[in-house]
Amino acid sequence: MKKNSRFLSPSLLSADFSDLTSAFKFIEEKGSSFVHVDVMDGHFVPQVSYGQPVISSIRKCTKLPFDVHLMIERPENSIVSYIESGADFVTFHIEATCHADRCVQLVHDAGKKAGIALCPATPLSAVEELLPFVDLVLVMSVNPGWGGQKLIPYTIEKIRKLADIQREKNFKYLISVDGGINQETLEDVLEAGTDIVVSGSSFFRGNLEWK
């Protein structure tokens, strides 16, 4: 992926699962670069979404890369199976594992891109050692597991700090932001240095104007 570009990654969780053909068509027509696939286990977050069989079945619906966002405990136990299901990026939470370096290695050993995600209150220092090695850093701008939340303002400063580190140390990771992104908050997160914008309900309602 080319740096200094901005990419749209609609969150499939907000799509109409009774008509995914139309959902993928809409995603592609709106100039998206990724599909954001949220996996929730009912433990790390209270909700349960979908797993490997669903991802395998929808992989044929689009050629866009899948960024599979694992909101699950102990991701090291199932990363390989999500790659086999069709993930191009695998993004796991630093809060969900004490084996983060191994998670990154598992993804890279499979020839895929590794992402690390942080909940809003998790400081950047928690992932500092991994920044030279990951391909994506996902800043959660809401608490993971619930849709329709408002963006937490202090997360914008976290994006800005990540962008500063990225620039100063010439790191190659992309900065992604997920949660509460709508037409009112879009400019703020882009100005802070976001590379990838994840949008769910606003995108599928047609309330996010992407250029």
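This structure is a prediction, so every number in the text was calculated from the model and none was measured.
Remark: the T185 side chain and the N182 side chain contain an N/O donor-acceptor pair separated by less than 3.5 Å. Using modelled atom types and a 3.5 Å distance limit, the side chains of D38 and S11 yield a donor-acceptor pair. No side-chain donor-acceptor contact under 3.5 Å links D67 and H69.
Cluster annotation: I175 is connected to F171 through the hydrophobic network of ILVMFWY side chains, with a link wherever side-chain heavy atoms come within less than 4.5 Å. In the hydrophobic cluster analysis, where Ile, Leu, Val, Met, Phe, Trp and Tyr join through side-chain heavy atoms closer than 4.5 angstrom, F26 is grouped together with L8. In this structure, I58 is a member of the same hydrophobic cluster as F17, with clusters built from ILVMFWY side-chain heavy atoms closer than 4.5 Å. Following chains of ILVMFWY side-chain contacts shorter than 4.5 Å, one can reach L20 starting from I27, so the two form part of one hydrophobic cluster. When hydrophobic clusters are built by joining Ile, Leu, Val, Met, Phe, Trp and Tyr residues whose side-chain heavy atoms come closer than 4.5 Å, directly or via intermediates, Y50 is grouped together with F204.
Rounding to the nearest 0.5 Å gives a distance of 11.0 Å between CD of Q105 and CD1 of I79. Within the model, atoms CZ of R59 and CD of Q52 stand 15.0 Å from one another, a figure rounded to the nearest 0.5 Å. Note that CZ of R6 and OG1 of T194 are 7.0 Å apart. Values are rounded to the nearest 0.5 Å. With rounding to the nearest 0.5 angstrom, the OG atom of S33 is 8.0 Å from the CD1 atom of I196. One distance of note links CD of E73 with NE2 of H93; it measures 12.0 Å at 0.5 Å rounding. Distance CZ/F89 to CG/L138: 11.5 Å, rounded to 0.5 Å.
Counting heavy atoms from C-beta outward, V134 and V127 have side chains that stay 4.5 Å or more apart. With a 4.5 Å cut-off on side-chain heavy atoms, Y173 and I165 count as touching. The shortest side-chain heavy-atom distance between L130 and V137 does not fall under the 4.5 Å cut-off. Contact of the S49 side chain with the L13 side chain is registered, since non-hydrogen atoms from C-beta on lie closer than 4.5 Å. For the pair Y82 and I72, the minimum side-chain heavy-atom distance is below 4.5 Å. Residues F24 and V35 form a side-chain contact, since some pair of their non-hydrogen atoms from C-beta on lies under 4.5 Å apart. Side-chain atoms of L186 and I181, non-hydrogen and from C-beta on, do get closer than 4.5 Å to each other. Proximity of L131 to L124: side-chain heavy atoms (C-beta onward) are nowhere separated by under 4.5 Å.
In this structure, K158 contributes its side chain and T122 its backbone to a donor-acceptor pair below 3.5 Å. The main-chain N or O of N207 is never found under 3.5 Å from a side-chain atom of S202 such that the two would form a donor-acceptor pair.
A pairwise comparison of heavy atoms in F66 and G86 identifies CB-O, 3.9 Å as the closest pair. Among all heavy-atom pairs drawn from M40 and Q47, the shortest one is CB-O, 3.3 Å. Residue K172 comes nearest to N170 through the heavy atom pair NZ-OD1, 3.4 Å, listed as atom of the first residue, atom of the second, then distance. The two residues S141 and V177 have their closest heavy-atom pair at OG-CG2, 3.5 Å. Closest approach of A100 to F92, counting heavy atoms only: O-CZ, 3.5 Å. Closest approach of V45 and P144 over heavy atoms only: CG1-O, 3.4 Å.
Under the salt bridge (Lys or Arg N to Asp or Glu O under 4.0 Å) criterion, D101 pairs with no residue, sequence neighbours left out.
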Item to complete: Before giving the answer on side chain to side chain contact (heavy atoms under 4.5 Å, CB included), spell out for E95 and L118 the whole-Å C-alpha distance, their side-chain angles and the decisive distance to 0.1 Å.
Response: CA-CA 7 Å; E95 303 89 355; L118 303 93; 4.3 Å; yes

Worksheet item: After noting the C-alpha distance and the side-chain angles of S22 and D16, does the key distance pass the side chain to side chain contact (heavy atoms under 4.5 Å, CB included) rule?
Response: CA-CA 9 Å; S22 296; D16 180 357; over 6 Å; no

Practice prompt. Check the pair V198, F34 against side chain to side chain contact (heavy atoms under 4.5 Å, CB included), reporting the backbone distance first and the verdict last.
Written response: CA-CA 9 Å; V198 178; F34 299 89; over 6 Å; no

Worksheet entry | Check against side chain to side chain contact (heavy atoms under 4.5 Å, CB included), E157 and R160 | CA-CA 5 Å; E157 184 58 28; R160 190 169 283 112; 3.2 Å; yes

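Within 6.0 Å of CD on E29 lie more than 12 heavy atoms contributed by other residues, nucleotides or ligands.
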